[in-house]
Amino acid sequence: RAKNQGRNRYAFYTRDLTANAHQRMEMENDMRRGLERGEFTLYYQPKFDLHAQQLNGMEALVRWQHPQRGMVEPDQFIPLAEETGLIVELGKHILELACLQLAEWRTQHLAPPRMAINVSGMQLIGNKLVSDIRRALETHDIPASLLELEITEDFVMNQNREAIHLLDIFSKMGIHLSIDDFGTGYSSLAYLKEMPLDTLKIDRSFVSGLPENHHDAAISQTIIVLAHNLGMSVVAEGVENAAQQALLTEQGCDTVQGYHISPPLPAEEFSQRFLQRAPSQRPSQPV
Ligand code: C2E
Ligand code: MG
Ligand code: MG
Ligand code: MG
């Protein structure tokens, strides 16, 4: 697998080694250069609606096409980008790339479903993201309802006024809000009643043990019931096989995402496989 190869070959970029100040600086400069040279690109992973049996969204996942190191995965540079603050600039670029891609597909009459982008806590400090998103949507003539933000529990846990205010703004704009990796943060559940959230994403660490592991099954079932009782929908991430999907369907899960449907794909491959025709004419996807 290219993914594993990448992990080994570019061990330079692992978390332990980034502790070395010199290497961190080198990589930070490298990232800045990469931003200027347009080395960052997005892959897209479909989200599959279990009720309607069709695509209902996609997630944009960043990749770094490094001239020497090849394709670098986000786990190897997002943590440092967050530590150094470069994530703010990188995040803005990712937003721009995502909107550009949506616009291109719309121009081609491909009717893309909602696009989710991952947002780091640091991007949510201050009101900068609001104006960036407003501008990006306007520039590319994209309705806010086509955009989804995946945020982590760490950001919402403090329940501070500013965080609630910011999410209220996004929500009122019509942007879909999801909690990513739900269940893995260090937060209480209290924030769930304060925030205008639409979706919980069950972390893949709870999905990987399905269907055999009874504890994982209890957790996924509980998250599904919790979300539904609070008026939210549920996405299970990291669904890798039919047995996992079958159990999640039985448990009432709304949407699945994972290698069983498709890994993240480059734009061209994604559109060929999933966006060929308008939704009304598309036969249901084989699962
Ligand atoms: P995430 O948002 O939870 O994204 C899901 C990750 O799980 C992705 O890894 C995806 O490729 C992987 N995945 C999807 N289906 C399966 C599956 O069936 N099995 C397994 N084992 N893995 C699966 P990826 O692309 O390496 O991204 C890792 C993390 O990096 C993301 O986790 C997200 O937290 C972060 N990330 C990715 N793109 C961005 C971005 O544009 N901005 C920010 N701030 N963070 C990003
Ligand atoms: Mg995500
Ligand atoms: Mg996730
Ligand atoms: Mg994750």
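These values consider heavy atoms only, across backbone and side chains, with no hydrogens, waters or symmetry-generated copies. Just so you know, ligand 1 is whichever comes first in the structure, and atom 1 is the first atom listed for that ligand.
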Notebook entry, point to check: Would you call Ile117 a ligand 1 contact, heavy-atom distance under 4.0 Å?
Noted result: no

Margin query: Return the CG to OG distance between Leu110 and Ser271, rounded to the nearest 0.5 Å.
Written below: 6.0 Å

Checklist line | Non-neighbouring partners of Pro113 that pass side chain to side chain contact (heavy atoms under 4.5 Å, CB included), sequence neighbours left out | finding: Leu55, Met58, Leu275

Item checked: Evaluation steps, side chain to side chain contact (heavy atoms under 4.5 Å, CB included), between Leu192 and Phe182 -> CA-CA 11 Å; Leu192 289 177; Phe182 183 75; 4.2 Å; yes

Next item on the list: For the Mg ion (ligand 3), find the closest N/O/S atom on Asp181 and give its atom name.
Entry: OD1

Margin query: Of all the N, O or S atoms in Glu59, which has the shortest distance to the Mg ion (ligand 2)?
Written below: OE2

Next item on the list: Assess Gly91 for proximity to ligand 1: is some non-hydrogen atom of it under 4.0 Å away?
Entry: no

Notebook entry, point to check: What atoms of ligand 1 come closer than 4.0 angstrom to any heavy atom of Asp75?
Noted result: 28 (C), 29 (C), 30 (O)

Next item on the list: Could you tell me whether Val62 and ligand 1 have an N or O pair separated by under 3.5 Å?
Entry: yes

Check: Within a reach of under 6.0 Å around CG of Asn241, are more than 12 heavy atoms found that belong to other residues, nucleotides or ligands?
Finding: yes

Check: Does ligand 1 have any atom that is closer than 4.0 Å to a heavy atom of His260?
Finding: no

Notebook entry, point to check: Is the Mg ion (ligand 3) less than 2.8 Å from at least one N/O/S atom of Glu237?
Noted result: yes

Next item on the list: Quick one: look at Asp181 and ligand 1, take heavy-atom pairs under 4.0 Å, and tell me if it's side chain, backbone, both or neither.
Entry: side chain

Margin query: According to side chain to side chain contact (heavy atoms under 4.5 Å, CB included), who are the partners of Ile94, at least two apart in sequence or on a separate chain?
Written below: Leu42, Val62, Leu90

Margin query: Within the structure, is a non-hydrogen atom of Gln257 found at a distance of less than 4.0 Å from ligand 1?
Written below: no

Checklist line | Proximity of Val239 to ligand 1 by residue part, where a heavy atom lies under 4.0 Å | finding: backbone

Next item on the list: Indicate yes or no: does an N/O atom of Glu82 lie under 3.5 Å from an N/O atom of ligand 1?
Entry: no

Next item on the list: With rounding to the nearest 0.5 Å, note down the distance linking CE in Met31 to CD in Glu39.
Entry: 11.5 Å

Check: Taking the N/O/S atoms of Asp180 one by one, which is nearest to the Mg ion (ligand 2)?
Finding: OD2

Next item on the list: Using only N, O or S atoms, tell me which atom of Glu150 is closest to the Mg ion (ligand 2).
Entry: OE1

Check: Going hydrophobic residue to hydrophobic residue with side-chain gaps under 4.5 angstrom, can you get from Leu100 over to Trp64?
Finding: no

Next item on the list: Look at the N, O or S atoms of Ser178, main chain and side chain alike, and state whether any lies under 2.8 Å from the Mg ion (ligand 2).
Entry: no

Check: Counting heavy atoms only, which of Asp203, Asp180, Asn241, Ile94 is nearest atom 41 (O) of ligand 1?
Finding: Ile94

Notebook entry, point to check: Rounded to the nearest 0.5 Å, what separation is found between the CD1 atom of Ile179 and the CG atom of Asp198?
Noted result: 10.0 Å

Notebook entry, point to check: Would you call Arg24 and Glu28 a salt bridge, using N to O less than 4.0 angstrom?
Noted result: no

Checklist line | Residues Lys201 and Glu148 bridged, charged N to O under 4.0 Å | finding: no

Next item on the list: Heavy-atom contacts with Glu73 under 4.0 Å: which atoms of ligand 1 show up? List them by number with element.
Entry: 26 (O)

Margin query: For Lys201, which part has a heavy atom under 4.0 Å from ligand 1: side chain, backbone, both, or neither?
Written below: neither

Next item on the list: Check ligand 1 against Glu240 and write out every atom of the ligand that is under 4.0 Å from a heavy-atom position of the residue.
Entry: 17 (C), 18 (O), 19 (N), 20 (C), 21 (N)

